[in-house]
Asker: 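My questions all concern the structure below.
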There are 2 protein chains.
Amino acid sequence: MTRIKASSTIQENKLAAYQLCPVTYVMEKISGYWKPIILYQLLSGSKRYNELKKAIPSITEKMLIQHLKQLETDQLLIREALPVVPPHVTYRLSPSGERLQPVLQAMAAWAIEDSKDKEHILFSKSLS
Amino acid sequence: MTRIKASSTIQENKLAAYQLCPVTYVMEKISGYWKPIILYQLLSGSKRYNELKKAIPSITEKMLIQHLKQLETDQLLIREALPVVPPHVTYRLSPSGERLQPVLQAMAAWAIEDSKDKEHILFSKSLS
DNA sequence: AATGATACATACTTTAGGGTAAGTACTTGT
DNA sequence: ACAAGTACTTACCCTAAAGTATGTATCATT
């Protein structure tokens, strides 16, 4: 797994900004291209590793587990492994992760509204 | 300004995912470490370039304008320059940007809740 | 003539994130 | 004996994003 160097300017800045700006705090936890997408998928209930893979076709396996591990460490989701063979592992949102629901849903709502506008622009452009 | 290469795997994936997942659409627009932070600052009203710089001390000037330009291109904010010397430039949210308010505020709310929990953990740890 | 203020721009370098490809372990099915 | 399914792991590489440092234009002030 890709390790993160502890001391670089950005890491220190992050640490500082962390305490000052609540939005920064969120970005620490859910930034990274795939994280919100994974979380969004888990809003509808717990999923197995393979189910997530299928639900997010363009993600690579490396990215998937990497972020799953990260999200687990950040206590946004909970991993449950049944000691059977072949393995059976499920991921679900933690209480903290579930509290992100309004955030993710506000995102989705905005996206739908905003892309509606953009279609309109595209449409009027295609007429000119 | 740093240019973005048009065709690389990630760019193509982004384009594909873009249409499928609303959260991805949002991430296109507000991902990048500083973007939500800048937007959050502008929620409280229009600000001058220097005001933003002071409000976000750890951001570099390069990152600041780079993201301001990007946000302007994405039509999330509006730049207004008075033709005076020294220059007087203000930035404010566009209608589309203002519609992000629920998102950013949901983020902030979550951050406050979540860090409350974490303080508690830290506190109990310091006792043991 | 030099300094300060404002809002940038630009060249160069580093780093973190993401991508590719291949391998692992363990068992069931053919 | 070999393939297939599950959930990963690991090594290596490449690029986009972020950081550092310095420069620019214009005028007012000292």
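Each chain gets a letter, A, B and so on, in the order the sequences are listed, and its residues count up from 1. Just so you know, these numbers use all the heavy atoms, side chains as well, and skip hydrogens, waters and symmetry mates. Only a predicted model underlies this, so the values are computations on that prediction, with no experimental measurement involved.
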Asker: Nearest to the B:K62 side chain among C:dG19, D:dT9, D:dG19, which nucleotide is it?
Answerer: D:dG19

Asker: Not counting sequence neighbours, list each pair that qualifies as a salt bridge (charged side-chain N to carboxylate O under 4.0 Å, His left out) and has a residue in residues 71-87 of chain A.
Answerer: A:E80-A:R92

Asker: Specify the separation, in whole Å, of atom CD of B:E51 and atom P of C:dC8.
Answerer: 13 Å

Asker: Counting only side-chain heavy atoms from C-beta out, which of D:dG19, C:dG19, D:dC8 sits nearest to B:T60?
Answerer: D:dG19

Asker: Could you tell me how far apart A:I59 (CD1) and C:dG19 (C1') are, to the nearest whole angstrom?
Answerer: 12 Å

Asker: Quantified as the angle between the terminal helix axes (five pairs each), what is the overall bend of the helix from C:dA1-D:dT30 to C:dT30-D:dA1 to 10 degrees?
Answerer: 20°

Asker: List the residues meeting side chain to side chain donor-acceptor pair (under 3.5 Å) with B:K35, not counting sequence neighbours, and say none if there are none.
Answerer: none

Asker: Measure from CD on B:E61 to P on D:dT24 and round the result to the nearest Å.
Answerer: 16 Å

Asker: Reckon B:R79 has a side-chain N or O less than 4.0 Å from the OP1 or OP2 of C:dA7?
Answerer: no

Asker: Could you state the atom-to-atom distance from CG of A:L68 to P of D:dT9 in whole Å?
Answerer: 11 Å

Asker: Between A:H67 and C:dG18, does any side-chain N or O lie under 4.0 Å from OP1 or OP2?
Answerer: yes

Asker: Sequence neighbours left out, what passes side chain to side chain donor-acceptor pair (under 3.5 Å) with A:Y49? Give chain and number order.
Answerer: A:E61

Asker: Roughly, in whole Å, what's the span from CG in A:L71 to C1' in C:dG17?
Answerer: 15 Å

Asker: Got a list of protein N/O to nucleotides 3-6 of chain D N/O distances below 3.5 Å?
Answerer:
residue	atom	partner	partner atom	Å
D:dT6	OP2	A:N50	ND2	3.2
D:dT6	O5'	A:N50	ND2	3.2
D:dT6	O3'	A:R48	NH2	3.1
D:dT6	O3'	A:P87	O	2.9

Asker: What are the two closest non-hydrogen atoms of B:K29 and B:L76, and how far apart are they?
Answerer: O-CD1, 3.9 Å

Asker: In residues 98-111 of chain B, what donor-acceptor pairs under 3.5 Å come from side-chain atoms, sequence neighbours left out?
Answerer:
residue	atom	partner	partner atom	Å
B:R99	NH2	A:D117	OD2	3.0
B:W110	NE1	A:S96	O	2.9

Asker: Check side chain to side chain donor-acceptor pair (under 3.5 Å) between B:S44 and all other residues, then give those that pass, not counting sequence neighbours.
Answerer: B:K47

Asker: What is the distance from atom OG1 of A:T90 to atom CG of A:L52, rounded to the nearest 0.5 Å?
Answerer: 10.0 Å

Asker: Check every atom of D:dT9, C:dG18, C:dC8 against the side chain of A:M63 and return the nucleotide holding the closest atom.
Answerer: C:dG18

Asker: Expressed as a whole number of angstroms, how long is the span from A:L82:CG to D:dA7:P?
Answerer: 10 Å

Asker: Going by side-chain heavy atoms closer than 4.5 Å, which hydrophobic residues are tied to B:V84, directly or by a chain of links?
Answerer: B:L82

Asker: Can you check the A:L64 CG to D:dT10 C1' distance for me, whole Å?
Answerer: 16 Å

Asker: Looking at residues at least two apart in the chain, or sitting in another chain, which of them share a side chain to side chain donor-acceptor pair (under 3.5 Å) with B:E113?
Answerer: B:K116

Asker: Nearest-Å distance, CD (A:Q66) to C1' (D:dC8)?
Answerer: 13 Å

